[in-house]
2 protein chains.
Amino acid sequence: MSEQRAASTPTRRRGAALETAITDAAWQILLDQGYNGFTYEAVAARAGTSKPVLYRRWPQREDLLTATIARHWRPLEVPDTGSLREDALTLLRTVNAERGRALILLRVQLADYFRDTGTSFDDLRNRLHPQDRTPPFALLVSRAVERGELADVPRSRRVVNLPFDLVRHDMLMRMGAVPDDSIVEIVDEVWSPLLGPAPHAP
Amino acid sequence: MSEQRAASTPTRRRGAALETAITDAAWQILLDQGYNGFTYEAVAARAGTSKPVLYRRWPQREDLLTATIARHWRPLEVPDTGSLREDALTLLRTVNAERGRALILLRVQLADYFRDTGTSFDDLRNRLHPQDRTPPFALLVSRAVERGELADVPRSRRVVNLPFDLVRHDMLMRMGAVPDDSIVEIVDEVWSPLLGPAPHAP
DNA sequence: GGGATTAGATCCGCTTGCGTATCTTAACCG
DNA sequence: CGGTTAAGATACGCAAGCGGATCTAATCCC
């Protein structure tokens, strides 16, 4: 716990501090080298420690991988601004800004891992966040209906989740963040017309 | 050329026959092992030949890779049935059926290759098919406009290409082919409303 | 049929990562 | 303060892939 960093001695790390340093290093390696570069040697080197330290904690490569992801992949925080359009734009911008490389990592770079283990992204997600989370956009839409901003008619999962899917698609195609124009275009020119007019509109 | 397969002798292959066998083997390895399993040894073994034979033809790994892809990635054939809806469904079904694993391969499994070489998928596509091809769905839409099936109004690339993007998105998420229901849903419930009514509708 | 070509097999040294073992010494705990 | 724990360094044998070199024999061409 004592975070005393003395003048000359770089302090041999222990416990939580060490584990954090290692998983941070591992995350960085995953982000910029992919699953290929994700070796015990590389992680140890980057964290400034050595292989046995890693093997002691995570005997299997998968253990280190999931521990690393668990620390860096948090469920999205769903905004509630009182306006469906603003909610949607905010959420998409958050995804775009914070999830750029992580999305690519999980859906693209880890393809080898998923193939080798016979698991899927959803398996991993379920292992990390077992709660059956409602998709964020479903929540936005139901709130908008409650506010009377949208008609209370059934909508397919496809339409409700469309902006999310399209932004994710663009991010995957560009292997990174998407221009803000695209986000606005998706919400205003694609999603909005499909959701239908407000209930008390002429 | 002489394709004589005698009774006992498996005939030592030469020239084009040999190259085809090798690139076929390489393609299969790419499809089910990804870029990681794509080693000269594995390809040689699968093709029933040996490394020097490969090195003689493709001194760099990239040469073998591009030769393999060039042989197996053909531009889409754009249907022309006289009905926009049928055109779209046909095209999407073709993509879904024929491009399943290949799409995953090119956009996901080759991520390491693209990162390592600093190139992108588009670079590769341009190298293989340098013609500036019109996106298939733009062609479908312009034909529909000519037939009077759609109003002649400007449409964004986003809307025109939406079905393609969504099917691609779903294929990437599922890492494989998409149910036919999804294709119909995308065309009828998402794309069609966005394209607007026929010009001579009430 | 005879000679040139080259497919296919085998072996080489090199590098990288694996997973483990050993040893020291810094940091913690009672 | 003395003893236990464990961080960090180093070395190990093993395996796989690399990029060649070498050699043979099958196939082609004249």
Side-chain angles (χ1 to χ4, degrees), chain A residues 1-26 29-30 32-65 67-68 109 112-113 115-117, chain B residues 1-26 29-30 32-65 67-68 109 112-113 115-117:
Chain A
M1 300 294 155
S2 59
E3 200 64 270
Q4 46 179 5
R5 315 205 102 256
S8 57
T9 328
T11 311
R12 182 180 283 188
R13 296 156 301 181
R14 296 221 159 202
L18 180 58
E19 296 199 1
T20 300
I22 292 172
T23 48
D24 285 353
I29 289 199
L30 280 174
D32 58 56
Q33 317 236 50
Y35 187 60
N36 266 354
F38 186 69
T39 70
Y40 274 59
E41 306 208 335
V43 172
R46 180 147 195 166
T49 179
S50 62
K51 285 195 296 171
V53 175
L54 307 201
Y55 274 106
R56 242 172 254 140
R57 277 148 225 271
W58 305 280
Q60 313 284 344
R61 188 149 113 139
E62 180 171 349
D63 301 332
L64 177 55
L65 180 69
T68 300
Q109 311 274 30
D112 288 332
Y113 164 73
R115 196 181 15 69
D116 292 349
T117 60
Chain B
M1 295 290 157
S2 60
E3 198 63 89
Q4 47 180 5
R5 312 206 105 254
S8 57
T9 326
T11 312
R12 180 179 284 191
R13 297 156 299 182
R14 295 223 161 200
L18 180 58
E19 297 200 1
T20 300
I22 292 172
T23 49
D24 284 354
I29 289 199
L30 280 174
D32 57 57
Q33 316 237 52
Y35 187 60
N36 265 355
F38 187 69
T39 70
Y40 274 59
E41 307 206 336
V43 172
R46 180 146 193 165
T49 179
S50 62
K51 284 195 297 172
V53 176
L54 307 201
Y55 275 105
R56 242 170 256 140
R57 278 149 225 269
W58 305 280
Q60 313 285 344
R61 190 149 112 139
E62 179 170 351
D63 302 332
L64 177 55
L65 181 69
T68 300
Q109 312 273 31
D112 289 332
Y113 163 73
R115 194 179 18 66
D116 292 349
T117 60

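Numbers restart at 1 for each chain; the letters A, B, ... are given by sequence-line order, proteins then strands. Note that these values count all heavy atoms, side chains included, but never hydrogens, waters or copies made by symmetry.
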Separation of D:dG17 C1' from B:Q33 CD (nearest whole Å): 14 Å
B:A21 to B:A47 - nearest heavy-atom pair and separation: O-CB, 4.1 Å
Value rounded to 0.5 Å, distance of CG in A:L54 from OG1 in A:T49: 6.0 Å
Separation of atom OH in A:Y40 from atom C1' in D:dA9, rounded to whole Å: 19 Å
Length of the line joining B:N36:CG and D:dC18:C1', which is rounded to integer Å: 15 Å
Minimum-distance pair of heavy atoms, taken over all atoms of A:V43 and A:A25: O-CB, 4.1 Å
Reported CG-to-OG1 distance for the pair B:D63 and B:T68, which is rounded to 0.5 angstrom: 10.5 Å
Without placing hydrogens or testing angles, list every side-chain donor-acceptor pair under 3.5 Å for residues 34-42 of chain B, not counting sequence neighbours.
unit_1 : atom_1 : unit_2 : atom_2 : d
B:Y35  : OH     : B:R61  : NE     : 3.4
B:N36  : OD1    : A:N36  : ND2    : 3.0
B:N36  : ND2    : A:N36  : OD1    : 3.0
B:N36  : ND2    : A:D112 : OD2    : 3.0
B:T39  : OG1    : B:A42  : N      : 2.9
B:Y40  : OH     : B:W58  : O      : 2.6
B:Y40  : OH     : B:Q60  : O      : 2.9
B:Y40  : OH     : B:R61  : N      : 3.3
B:E41  : OE2    : B:K51  : NZ     : 3.3

Integer-rounded Å distance: D:dC18 C1' and B:E41 CD: 7 Å
Distance, rounded to the nearest Å, where A:L64 contributes CG and C:dG17 contributes P: 15 Å
Rounded distance (nearest 0.5 Å) linking atom CZ of A:R115 with atom CD of B:Q33: 7.0 Å
Close approaches to DNA chain C from residues 42-61 of chain A, in residue order (heavy atom, under 4.0 Å): A:K51, A:P52, A:Y55, A:R61
Separation of atom CG in A:D63 from atom P in C:dG19, rounded to whole Å: 11 Å
Nearest-angstrom distance from the residue atom CD1 of B:I22 to C1' of C:dG8: 11 Å
